[in-house]
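Okay, so here's the structure we're looking at.
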Amino acid sequence: MSIPMFYGQPYSKHHVCCYPERDEWEIMLVREAADMGVPMMGICRGMQLLNVAFGGNLISNLHNEIDEVNGHWGGNIDMAFAVHTLKLKTGSIMHDIFGKDTIMVNSFHNQVVKDLGEGFTPTAWAEDGLIEAFENPHHNYTVGVQWHPEAMIERHENMVLLFERLRDEANAHKRIRLKKEYALVTE
């Protein structure tokens, strides 16, 4: 998420690149998908976007606004490497997917969720307490992760589980939608 105006904060010199048209369009797209019950998984900026689309906000520049943050910017490290530990909430989708209490993840972000959007529940935290994953049980499989699981799959095969779950949820949603559409046609 690049534009602080979408979550009620002023622009600062610490913001990198801003594309208000992209943010506005993607927020509208997320809201429309949520209204349709489409399963969604936001990765990094996508998590931030989900949060803002549902009325949450962000810490715009993590390293300038919070003292003692640790391990959230991998810098020149290969994105396939895990750099910090997350604690997963028991009973959450993340805990269900990974089947354990902690996981190791990469980290390449400068913005982070501050106040959660409507309906979101935090499900993973970094050692410094920052939210690294959330879910919205009121929407059909809507989750956000702050790390980049797509970059970790080669070294950390368990990350593919996130994508397999999204695929399964999308297929289930499609079957339900097609069943409803077929029922309308045959009436």
Decide whether [X] and [Y] are clustered together by the hydrophobic rule: side chain heavy atoms of Ile, Leu, Val, Met, Phe, Trp, Tyr closer than 4.5 Å, transitively.
X    : Y    : value
F163 : I97  : yes
I131 : M104 : no
V52  : M40  : yes
I43  : L50  : no
V30  : I93  : no

Are any of the side-chain heavy atoms of [X] and [Y] separated by less than 4.5 Å?
X    : Y    : result
M159 : H156 : yes
D96  : R165 : yes
H84  : L86  : yes
L116 : P122 : yes
E135 : S92  : yes
K89  : T121 : yes
T85  : I103 : no
N51  : L58  : yes

query = When rounded to the nearest 0.5 angstrom, what distance separates CG in L49 from SG in C44?
reply =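 Interatomic distance, L49 CG to C44 SG, rounded to 0.5 Å: 11.5 Å.
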query = Which value, rounded to the nearest 0.5 Å, describes the distance between M152 atom CE and N158 atom CG?
reply =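 Separation between the atoms: 7.5 Å.
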Is there a donor-acceptor contact under 3.5 Å from the side chain of [X] to the main chain of [Y]?
X    : Y    : result
Q48  : Q111 : yes
N57  : D115 : yes
H95  : K100 : yes
N106 : H148 : yes

query = Do E26 and R45 sit within salt-bridge range, that is, some charged N less than 4.0 Å from a carboxylate O?
reply =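 Yes.
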request  = For atom CD of E164, decide whether the heavy atoms of other residues, nucleotides or ligands shown that lie under 6.0 angstrom number more than 12.
outcome  =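 Yes, enclosed.
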ask   = Should we count CD of E118 as having more than 12 external heavy atoms under 6.0 Å?
value =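 No, because the 6.0 Å sphere around CD of E118 holds 12 heavy atoms or fewer from other groups.
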task = Mind running side chain to side chain contact (heavy atoms under 4.5 Å, CB included) on N140 and H173 for me, showing each step along the way?
result = CA-CA 8 Å; N140 186 23; H173 173 72; 3.6 Å; yes
request  = Keeping to residues at least two apart or across chains, list the ring-ring contact (aromatic ring centres under 6.0 Å, His included) pairs with something in residues 115-137.
outcome  =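 Residue pairs with at least one partner in residues 115-137: F54-F120, F120-F134.
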message = Under the rule for side chain to side chain contact (heavy atoms under 4.5 Å, CB included), what residues qualify as partners of H138, not counting sequence neighbours?
response =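 For H138 the side chain to side chain contact (heavy atoms under 4.5 Å, CB included) partners, ignoring immediate neighbours, are N136.
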inquiry  = Can you give me the closest heavy-atom contact between L88 and A124, atom names plus distance?
reply    =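 Taking L88 first and A124 second, the nearest heavy atoms are CD2-CB, 3.6 Å.
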ask   = Can you name the nearest heavy-atom pair linking M47 to V145, along with the distance?
value =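 Result for this residue pair: SD-C, 3.4 Å.
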